[in-house]
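Everything on this sheet refers to the single structure shown next.
This structure is a prediction, so every number in the text was calculated from the model and none was measured.
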Amino acid sequence: MAALCRALPKAELHAHLHGCVRLPTVASLAPRGVDVRCLLAPHAADRSLASCFAVFAAIHATVTTLAALRRLALEVLEDFAADGVAYLELRSTPRALQDADAAGYIACVLRAFADFEAAQLAARARLPLTPRLILSVDRSASAREAEETARLAVRLAGETAYVVGLDFSGNPTRGRFAEFTRAFEEARRAGLRTTVHTAEVEDAADTDAILAFRPDRLGHALTLTPTQLARLRAAPIPIELCPTSNKKTLGLANLTCHPTLRTLLEDDYPISISTDDSTVFQTTSSRELQLVAEACGLSAEAVAALALKPMDHVFERDAQRVESLKAHFRRAAAEALGEYHRSVQSWW
């Protein structure tokens, strides 16, 4: 199953740039005075939620120049491509650096995307990765900053195919979506797609406000009340699940205790399996698929279908490109399944 999950083409829809960087690289770039011990601590997969945000703080304190940002962005793209991810929606919050403002930060990431795609083309990559960017609104920031991010996202979406959406994220114990609705309404009016981190912690009122807004996708959606789950069943909004991250956030003993995973799979609900923060949680897109397969007892065919499922709710705006990617995914998945069954027969 691990080999099958590695071989399958994958679409990663919920990955934060700073949570997917190579931690040894960050540690090597850290300026004097920045404590990076938390980045290289043993048993990183067992970090608490609070310690994860300490890691993010250390990363942000280190990524202070365009050169560092470019290097880390390229490494993130390389790592996802090496894991067989063929479509990636990476998200990041615009922030000022020592040598750039927030707009310059995003411009640097977009240049890294373009250079990475050019390198793939030159190398004639068999399974090229299509990168896309979602700008994130930090729920710990102000409404004014959120509106600035929304306007930047709208402007860039009109200039490049790389920018495809606006996200609401950050420490789930801070801020309320109602305080930022105006920014997301502005993005929606301009035709930008939206995704909102939802119900990571128990806050029924905040979740109700998010469901009333009806973003294009929901991130996590873990602590749903029966009424909220019924609303989503009646009118589905695709959910981005991040199994290892969800397990850590909720303090679960294992994935069989996940509050929504099995139910959503049984309902054939529109979901995507993602990493959230691949290096912070020491995981990959392939490993997340494998963990779900093992926890839920999925067949090889069911795992392949799960890997293809996210392509039905990507934010890519070019419909022809989406159909081309789907066809590519189906061909590659058929090859992976064929190899899987040949391996099983050979083993028996």
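- Checked for salt-bridge contact, R95 and D138 miss the test: no charged N lies under 4.0 Å from a carboxylate O.
- Comment: D206 engages R139 in a salt bridge, judged by a side-chain N to carboxylate O separation of less than 4.0 angstrom.
- Formation of a donor-acceptor pair under 3.5 Å by the S274 side chain with backbone atoms of C242 is not found in this model.
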Decide yes or no on side-chain contact (heavy atoms from CB on, under 4.5 Å) for L13 and V314, but give the supporting numbers first. CA-CA 7 Å; L13 304 188; V314 296; 3.9 Å; yes
Please determine whether salt bridge (Lys or Arg N to Asp or Glu O under 4.0 Å) holds for the pair R342 and E339, giving the CA-CA distance in whole Å, both sets of side-chain angles, and the decisive distance to 0.1 Å. CA-CA 5 Å; R342 284 191 292 273; E339 180 59 32; 3.2 Å; yes
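- Under the 6.0 Å distance and 45° angle rule, R217 counts as a cation-pi partner of F315.
- Within the 4.5 Å cutoff, the side chain of T195 has no heavy atoms near those of the E89 side chain.
- Without hydrogens or angle criteria, S286 side chain to C5 main chain gives a donor-acceptor distance under 3.5 Å.
- How far NZ of K326 is from CE of M311: 7.0 Å, rounded to the nearest 0.5 Å.
- Residues T223 and P259 fail the side-chain proximity criterion, which asks for heavy atoms closer than 4.5 Å.
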Determine, step by step, whether R331 and E335 satisfy the salt bridge (Lys or Arg N to Asp or Glu O under 4.0 Å) criterion, reporting the C-alpha distance in whole Å, the side-chain angles of both residues, the deciding distance to 0.1 Å, and the verdict. CA-CA 6 Å; R331 288 193 298 270; E335 292 176 5; over 6 Å; no
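- Aromatic rings of F177 and F184 (six-membered ring for Trp) have centroids within the 6.0 Å cut-off, being under it.
- Checked by atom type and distance alone, the side chain of Y269 never pairs as donor or acceptor with a backbone atom of L261 at under 3.5 Å.
- No more than 12 heavy atoms of other residues, nucleotides or ligands sit less than 6.0 Å from atom CD of Q320.
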Can you list the steps and then say if R182 with E186 is a salt bridge (Lys or Arg N to Asp or Glu O under 4.0 Å)? CA-CA 6 Å; R182 183 174 172 178; E186 181 177 342; 5.7 Å; no
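- F168 and V154 fall within the same hydrophobic cluster, defined by Ile, Leu, Val, Met, Phe, Trp and Tyr side-chain heavy atoms under 4.5 Å apart, directly or through other members.
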Should D203 and R176 be marked as a salt bridge (Lys or Arg N to Asp or Glu O under 4.0 Å) after you check the CA-CA gap, both sets of side-chain angles, and the distance that decides it? CA-CA 9 Å; D203 190 336; R176 308 294 292 279; 3.1 Å; yes
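- Of the possible donor and acceptor atoms, one in the side chain of D216 sits under 3.5 Å from a partner among the backbone N and O of T194.
- By the criterion of side-chain heavy atoms lying less than 4.5 angstrom apart, applied directly or through intervening Ile, Leu, Val, Met, Phe, Trp or Tyr residues, V322 is grouped together with Y87 in one hydrophobic cluster.
- Side-chain contact check for E12 and S285: at least one donor-acceptor pair (N or O, by modelled atom type) lies under 3.5 Å.
- In this pair, H197 and H220 present their aromatic rings perpendicular. The plane angle is above 60°, beyond the 30 to 60° band.
- We find that E288 and K10 are not joined by a salt bridge, their nearest charged nitrogen and carboxylate oxygen being 4.0 Å or further apart.
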